[in-house]
Novice: 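Just passing along the structure, written as structure tokens.
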Amino acid sequence: MNDIYLYNTLSRKKEKFIPIEEGKAGMYCCGPTVYNYAHIGNLRAYFFEDILKRILLYNGLQVKHVMNITDVGHLVSDADEGEDKMEKGARREGKTVWQIAEYFADEFMKDIKLLNILPPTLWCKATEHIEEQIKLIKCLEEKGFTYVTSDGVYYDTSKFRNYGELGRIDIEGLEEGKRISFSEEKRNKTDFSLWKFSPANRKRQMEWDSPWGKGFPGWHLECSAMSMKYLGDNFDIHCGGVDHIPVHHTNEIAQSEACTGRKFVNYWLHCEFLLEDKGKMSKSAGEFLKLKSLLDHGYSPLDFRYFLMMTHYRKKIMFSFDALDSARNGYRNLREKISEIKSKVTEKDIINDTNIRFFGRKFTDCINDDLNITEAVAVLWETIKDTNLNASEKLNLLTDFDKVLGLEFNTIPAGEVEYEIPDEIKLLAEKRKIAKSEKNYVRADELRRLINGKGYEIMDTKTGYEIKKIRNSI
RNA sequence: GGCGUCGUACCCAAGUGGCUUAAGGGAGCAGUCUGCAAAACUGUUAUGCAUCGGUUCGAAUCCGAUCGACGCCUCCA
């Protein structure tokens, strides 16, 4: 097996990936909070995770990929009066929180399917793991990491050695922060809730009994509880967006390791943001771009997928429609080249293993170097343009590369599809051919315009002409 | 205020000490072909990697300063 190097946020270095169990990889990805649609920035993270997973698979590892659905209990703000996002979303849509959760989880799954993101091995919902979460709090309570305030059960971060190691958090610096609201009852700036009590004056739609009182789990708990349940106390990879580093993942580590006394996760991988000209894309600002918004503008999901491949996952991407246009053009050109290659494949082609191995090696070297997908795409283009490889060798390689890229090369038809051209268009083309042979170019050009107007393109060749549907997508 | 990231051609972007006097894509331009186009093919667009210093036999790559952009410190991918 080839070595895979991954950038570990814990060490801030690229490290060789050594799985806990040989030949296998356990991977947990923080999934969506299903109170609204995913925006295209959210989707970038799932795309990144997909590439990571595909690379592990490509290298022959058996991957167990777990993704959670957060369908409960994140407060809108840190302040006590905050209403949680789920309940807020439900009120906005005039539905129950359960309906909201189901609807948006479903929409999310549709989005990732459109983006050709492989589904996780296992989905898990926060509301279906309340028992596991309570058990984890009990464990922390027994070990003396918790305290109870008027609004919930809290985690005492001062008790945990190395708190904030992942984010290299300067807790002193935080004290000087201006924008942080500080609950009087919290013992430390960084303490966070494990269990929140339901407000006395209002019944929540989602609440459960617990040894400490009726309420709902804190926002970091579910990921600790569920990841350990399905992947074990110590597992290989945990990923998410960079925003999770300082709080969410930091707290997950604190909770999990305090309870088990073991190292929680070996490799932490984080994906950078997608930005707009206004700055970071966010839902709270109101309007935001969804995958559907892009489709409404006439882009295909894979245009967007290709767009995401133009930048390394640890770099910010500036989204603009100009940039998306350039990606779409690139992806269309790519498909046309592949279509052409497919039409050139013959049974007489001899497959030369040395040729194949050279490009295959190059490709693997890129992807295994911390997911250098951008350079891998360059290798893809080199392969397409290479003059020594024959069509079969190229197709062989491209099909292989697509296991990682996920650009659906398999759906691309070989060359022109004759029968898709309507008789009407064929007739016009024949008329034009006659006009041309009579050197009646005015008439010929007129007919060409007519054909164009009907959505087809005519191209002269040495022997005659070719008709092609004007591309929206091949 | 604290922490951190980044600045490579018209645009996106790889490369992080010699293999590169800088991949790949988009866009443009020129040529071949064509009645003219389109497509295709070929060539072309950074002696330079924000700026200024320094280290080194050698730097886009290391160090320092300056300027600029952005992110985090608050739920967030």
Side-chain angles (χ1 to χ4, degrees), chain A residues 12 29-33 35 38-49 70 73-79 82 84-85 88 164 167-182 189-190 219 239-248 270-275 279-285 306-307 309-320 322-334 336-337 340 366 369 372-382 384-385 387 436 439-442 444-445 448-449 452 457-462 465-466 468 470:
Chain A
R12 308 283 154 111
C29 302
C30 288
T33 304
Y35 67 100
H39 67 233
I40 58 173
N42 297 134
L43 293 172
R44 181 187 186 190
Y46 305 108
F47 161 77
F48 142 70
E49 288 154 4
T70 299
H74 283 201
L75 294 174
V76 169
S77 75
D78 208 26
D84 88 41
K85 285 179 176 176
K88 195 178 170 189
R168 313 235 158 137
I169 295 171
D170 171 15
I171 296 169
E172 295 298 313
L174 291 184
E175 298 288 349
E176 293 168 28
K178 296 170 186 168
R179 297 187 293 167
I180 300 164
S181 58
F182 188 62
K189 179 71 250 144
T190 46
W219 12 287
C239 33
V242 284
D243 52 325
H244 281 157
I245 299 170
V247 181
H248 185 58
H270 295 95
C271 170
E272 254 297 352
F273 284 132
L274 177 146
L275 308 171
K280 193 179 90 180
M281 187 164 289
S282 74
K283 288 179 192 169
S284 44
Y306 189 75
F307 166 82
M309 289 186 186
M310 300 204 303
T311 310
H312 186 82
Y313 78 92
R314 281 192 284 116
K315 279 201 162 181
K316 297 171 182 78
I317 295 183
M318 183 64 79
F319 178 84
S320 70
D322 278 352
L324 186 57
D325 277 341
S326 125
R328 171 168 61 183
N329 288 341
Y331 183 52
R332 281 179 173 177
N333 290 339
L334 183 62
E336 282 192 358
K337 299 271 190 219
E340 204 182 304
C366 296
D369 180 18
N372 196 338
I373 208 71
T374 316
E375 208 170 346
V377 170
V379 174
L380 172 76
W381 280 100
E382 274 175 40
I384 287 170
K385 290 188 167 178
T387 47
K436 256 185 68 181
K439 298 206 188 294
N440 185 351
Y441 296 122
V442 177
D445 290 349
R448 182 164 56 198
R449 274 196 298 277
N452 283 348
E457 205 168 3
I458 192 152
M459 290 165 291
D460 294 331
T461 62
K462 284 207 177 80
Y465 59 85
E466 273 177 15
K468 215 165 150 185
I470 291 175

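Residue numbering restarts at 1 for every chain, and letters A, B, ... go by the order of the sequence lines.
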Novice: Provide, to the nearest angstrom, the distance between the CD1 atom belonging to A:Ile458 and the P atom belonging to B:C36.
Specialist: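 To the nearest whole Å, that distance equals 17 Å.
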Novice: For the residue pair A:Phe47 and A:Met309, establish whether any side-chain heavy-atom pair is separated by less than 4.5 Å.
Specialist: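 Yes, their side chains come closer than 4.5 Å.
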Novice: If you go through the side-chain atoms of A:Arg448, does one of them form a donor-acceptor pair with the base of B:A38 closer than 3.5 Å?
Specialist: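 Answer is no: no donor-acceptor pair is held.
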Novice: Taking only the C1' atom of each, what is the distance from B:G26 to B:U44 in whole angstrom?
Specialist: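 Straight-line distance between the two C1' atoms is 16 Å.
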Novice: Mark up nucleotides 12-26 of chain B, 5' to 3', with B wherever a protein heavy atom is under 4.0 angstrom from a base atom, S wherever such an atom reaches only the sugar-phosphate, and - elsewhere.
Specialist: SSSS-------BSBS
Novice: Figure out the CD/C1' separation between A:Glu340 and B:C41, and round it to whole Å.
Specialist: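 About 10 Å, once rounded to whole Å.
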Novice: If you take atom types as modelled and just measure distance, does the side chain of A:Arg314 reach the base of B:C6 with a donor-acceptor pair under 3.5 Å?
Specialist: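 Side chain to base: no pair present.
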Novice: Between atom CZ of A:Phe48 and atom CZ of A:Arg314, what is the distance when rounded to the nearest 0.5 Å?
Specialist: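 The CZ atom of A:Phe48 sits 9.5 Å away from the CZ atom of A:Arg314.
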Novice: May I have the distance from A:Arg328 (atom CZ) to B:A27 (atom P), rounded to whole angstrom?
Specialist: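 For the pair A:Arg328 CZ and B:A27 P, the rounded distance is 11 Å.
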Novice: Using the P atom in both, what is the distance from B:G24 to B:U45, to the nearest Å?
Specialist: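 Straight-line distance between the two P atoms is 13 Å.
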Novice: Identify whether any heavy atom of A:His244 sits under 4.0 Å from a base atom; if not, whether one sits that close to sugar-phosphate; answer base, sugar-phosphate or nothing.
Specialist: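 It contacts sugar-phosphate atoms only.
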Novice: Rounded to the Å, how far apart are A:Leu324 CG and B:A27 C1'?
Specialist: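 For the pair A:Leu324 CG and B:A27 C1', the rounded distance is 15 Å.
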Novice: Out of B:C75, B:A37, B:G35, which nucleotide sits closest to the side chain of A:Val247?
Specialist: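 Ranking B:C75, B:A37, B:G35 by closest atom to the A:Val247 side chain puts B:C75 first.
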Novice: Do the side chains of A:Pro32 and A:Tyr46 get nearer than 4.5 Å, heavy atoms only?
Specialist: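 Yes - at least one pair of side-chain heavy atoms lies under 4.5 Å apart.
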Novice: Rounded to the Å, how far apart are A:Phe319 CZ and B:C70 P?
Specialist: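 Interatomic distance, CZ of A:Phe319 to P of B:C70: 19 Å.
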Novice: Could you work out the separation of B:A14 and B:A46 based on their C1' atoms and round it to a whole Å?
Specialist: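 Approximately 15 Å lies between the C1' atom of B:A14 and that of B:A46.
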Novice: B:A22 and B:A59: how far apart are their C1' atoms, nearest whole angstrom?
Specialist: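 Roughly 13 Å separates the two C1' atoms.
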Novice: Drop me the distance from A:Cys271's SG to A:Asn42's CG, to the nearest 0.5 angstrom.
Specialist: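 Atom-to-atom, A:Cys271:SG and A:Asn42:CG are 10.5 Å apart.
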Novice: Measure CD1/A:Ile245 against C1'/B:U5 and give the value in whole Å, please.
Specialist: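 It works out to 11 Å between those atoms.
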Novice: Could you run through RNA chain B and flag its stems, i.e. three or more consecutive Watson-Crick or G-U pairs with both distances under 3.5 Å?
Specialist: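 Stem list for RNA chain B: B:1-7 with B:67-73, B:10-12 with B:24-26, B:27-32 with B:40-45, B:50-54 with B:62-66.
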Novice: Can you check the A:Phe273 CZ to B:A77 C1' distance for me, whole Å?
Specialist: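 Going from A:Phe273 (CZ) to B:A77 (C1'), I get 6 Å.
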Novice: Using the test side chain to side chain contact (heavy atoms under 4.5 Å, CB included), find all partners of A:Lys436 that sit at least two apart in sequence or belong to another chain.
Specialist: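 Only A:Arg432, A:Tyr441, A:Ala444, A:Asp460 meet the side chain to side chain contact (heavy atoms under 4.5 Å, CB included) criterion with A:Lys436.
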Novice: Could you tell me how far B:C57 sits from B:G17 if I compare only their C1' atoms? Round to whole Å.
Specialist: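 Looking at atom C1' only, B:G17 and B:C57 are 12 Å apart.
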Novice: If you define the side chain from C-beta out and look only at heavy atoms, does anything of A:Ile384 sit under 4.5 Å from A:Leu334?
Specialist: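 Yes; the side chains approach each other to less than 4.5 Å.
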Novice: What is the distance from atom CG of A:Asp445 to atom CZ of A:Arg448, rounded to the nearest 0.5 Å?
Specialist: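 With rounding to 0.5 Å, CG (A:Asp445) is 5.0 Å from CZ (A:Arg448).
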Novice: On a whole-Å scale, what distance lies between the P atoms belonging to B:A50 and B:C10?
Specialist: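 14 Å, rounded to whole Å.
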Novice: Report yes if some heavy atom in the side chain of A:Trp219 is under 4.5 Å from a heavy atom in the side chain of A:Thr70; otherwise report no.
Specialist: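 No; the side chains remain at least 4.5 Å from each other.
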Novice: Is any side-chain heavy atom of A:Tyr313 less than 4.5 Å from a side-chain heavy atom of A:Ile373?
Specialist: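 With C-beta onward as the side chain, the pair stays apart.
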Novice: Which whole-number value in Å describes the distance from A:His248 NE2 to B:C72 P?
Specialist: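 So the two atoms are 17 Å apart, to the nearest Å.
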Novice: Could you measure between the two P atoms, the one in B:G64 and the one in B:C19, and give it in whole Å?
Specialist: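 Per the computed distance, 25 Å lies between those P atoms.
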Novice: Is any NZ, NE, NH1 or NH2 atom of the basic residue among A:Glu272 and A:Lys316 found under 4.0 Å from an Asp or Glu carboxylate oxygen of the other?
Specialist: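 Here A:Glu272 pairs with A:Lys316 in a salt bridge, since their nearest N and O are under 4.0 Å apart.
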Novice: If the P atom of B:C75 is compared with that of B:U20, how far apart are they to the nearest Å?
Specialist: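 Each nucleotide's P atom is 49 Å from the other's.
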